[in-house]
2 protein chains.
Amino acid sequence: MNRLRPFIRTLERRDRLSPDELALLSSAQLRVQGFRRGQEIVRAKTQPGESRLMVQGISGREMVTAEGKRQISALHVAGDFVDLHSFVLKRMDHAVVALTEVTAIFVPHAEIRRIIDASPHLGRLFWLMTTIDGAIQRAWIACLGRSTAMQHMAHLFCELWTRMEIVGLVSGHSFPFRLTQAELADVVGLSAVHVNRTLQELRGLGVVDWNGEQVEIIDFDRLVALGDFDKTYLNLTQEPR
Amino acid sequence: MNRLRPFIRTLERRDRLSPDELALLSSAQLRVQGFRRGQEIVRAKTQPGESRLMVQGISGREMVTAEGKRQISALHVAGDFVDLHSFVLKRMDHAVVALTEVTAIFVPHAEIRRIIDASPHLGRLFWLMTTIDGAIQRAWIACLGRSTAMQHMAHLFCELWTRMEIVGLVSGHSFPFRLTQAELADVVGLSAVHVNRTLQELRGLGVVDWNGEQVEIIDFDRLVALGDFDKTYLNLTQEPR
DNA sequence: GCTGGGGATTTACCTATGTTAGTGGATGGC
DNA sequence: GCCATCCACTAACATAGGTAAATCCCCAGC
């Protein structure tokens, strides 16, 4: 399946896939669906019967506090499952919303079950993808807890570039990022005003620029240093798993 | 195995286990090891050949920034695997340190492999435990990003009580928590001074008390309200997975 | 060409939390 | 009994980041 291409690329950066495994993946019964900006891809507290795989656009896990504040606890790009964990977790503890126009594939849990029963190795790779998800969350926790606004945003831009590169979404040191500053604020746990201030500072330093459409990394080395970014946690090495 | 009791309780709160599955788990080749306060249970960047399961004490995932600041991104109590994800991830993106005296079981990855090959259902339950781990991390992200010191600490105490209750570590509304305030500060991403201030505030409100040994929840309902705590994310329902 | 709306940006002010530098109490080694 | 530690706690001050309310800018619709 053409639509599975990005997902297969994320897998192949972590392990080798046999022709049989590729065929097995391609045999899955899928439904494609589009979402508009702001639309919910998965509702919180529901018990989904399928997991959704991003094909295009950016979505995020959304959690809303009692006071109505929003925190986005993950961003998803093409090739990412937004809720593969719902396969074992059964019940969503968060929502997933489209932050841009999004195209997603719906993979029934029955299909996932069929695939992992037929190939325990693919089963472990599915498991792997949820644990990489966890590793990313740990990195975000460290950023939220122990770094300044600038360091945090620098780290985030490094991470996004690296993840987008895997699925061929970057061109040079730029990648598409069509969110509003207020949305980015909900990602990094800051106010929109402070995100604005910090972006100007980063721009002023000549490190990154972002016009609301594209993030352009001007000085990658300095961005990495600023964000204390070490991509180890993304597990981008082909190993038998 | 007696030592596996807490782990089996965490599993049984999420799904039913057959006698065969219990026997399979008990058949695992294990090594028990003790750790002193402050000792590393797993080193960062290593490629462990086994995963460690907590039997006693409290440990935490530790990440250190370039400036030497420390963030603890997870706490583990009896029954929790500290690094089950290393089974598929292969390389640690963080360390795990003993925050109290700790007893842990070392489970070779070969044994985990043997168990999940023999029982795909147990395999899914192992997978489940890593995704619950992820759900907890999401809750922490929301706390770090969008709540005040008091709300965050209230949430943490609710979570810890709930998790300890599963494995029989609570007595009434109290549970053992022998960390220093500075260590707690690294958990909630605050300074030790502010943790101290906030604890006094919580004490003053008559909601929780903590003398460095035991956390005593005085008014559980208010603590839950303060922390906006909803235990759904801990997935404490027995369901076929 | 006018209008309305959604963002980006700015300004002024506010506050939660951090930092530094203590004090004092408990504990353990010798 | 003295000393060194470690840790809770305090106090005074500093600051990163939040809040509220404008203003500006762009663009779509008419």
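The sequence lines fix the lettering, A, B, ..., with proteins before strands; numbering per chain opens at 1.
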Using salt bridge (charged side-chain N to carboxylate O under 4.0 Å, His left out), reason through B/Asp80 and B/Arg163 one step at a time and then give a plain yes or no.
CA-CA 10 Å; B/Asp80 294 338; B/Arg163 289 169 56 190; 2.8 Å; yes
Could you check how far [atom1] of [X] sits from [atom2] of [N], rounded to whole Å?
{"X": "B/Glu213", "N": "D/dA8", "atom1": "CD", "atom2": "P", "value": "11 Å"}
{"X": "B/Glu201", "N": "C/dA16", "atom1": "CD", "atom2": "C1'", "value": "11 Å"}
{"X": "B/Glu67", "N": "C/dG18", "atom1": "CD", "atom2": "P", "value": "15 Å"}
{"X": "B/Asp186", "N": "D/dC7", "atom1": "CG", "atom2": "C1'", "value": "15 Å"}
{"X": "B/Leu199", "N": "D/dA8", "atom1": "CG", "atom2": "P", "value": "9 Å"}

When you compare the protein's N or O atoms with those of nucleotides 6-8 of chain C, which come within less than 3.5 Å of each other, and at what distance?
unit_1, atom_1, unit_2, atom_2, d
C/dA8, OP2, A/Gln181, N, 3.0

Show, in sequence, the C-alpha distance, side-chain angles and deciding distance for B/Gln137 and A/Trp140, and conclude whether the side-chain hydrogen bond (donor to acceptor under 3.5 Å, both in side chains) test is met.
CA-CA 9 Å; B/Gln137 288 178 174; A/Trp140 286 32; over 6 Å; no
Under 30°, 30 to 60°, or over 60°: which ring-plane class applies to B/His155 and B/Tyr233, parallel, tilted or perpendicular?
parallel
Could you state the interatomic distance from CG (A/Leu75) to CE (A/Met54), rounded to the nearest 0.5 Å?
9.5 Å
Measure the CD1-CD distance between A/Ile72 and A/Glu62 for me, rounded to the nearest 0.5 Å.
6.5 Å
Can you pull every protein N or O that's under 3.5 Å from an N or O on nucleotides 12-17 of chain D?
unit_1, atom_1, unit_2, atom_2, d
D/dG17, OP1, A/Ala149, N, 3.1
D/dG17, OP2, A/His194, NE2, 3.2
D/dG17, O5', A/His194, NE2, 3.4

Are the side chain of B/Glu183 and the backbone of B/Thr180 linked by a donor-acceptor contact shorter than 3.5 Å?
yes
Say whether, by atom type as modelled, one donor and one acceptor occur between the side chain of B/Arg52 and the main chain of B/Glu50 under 3.5 angstrom.
yes
Any side-chain heavy-atom pair from B/Thr65 and B/Gln71 closer than 4.5 angstrom?
no
Aromatic ring proximity B/Phe7/B/Phe81, centre distance under 6.0 Å
yes
Charged N to carboxylate O below 4.0 Å: is that the case for B/Glu101 and B/Arg37?
no
Compute the bend angle of the helix from C/dG1-D/dC30 to C/dC30-D/dG1 from the end axes (five pairs per end), rounded to 10°.
40°
When you check the side-chain N and O atoms of B/Gln33 and B/Gln39, is any donor under 3.5 Å from an acceptor?
no
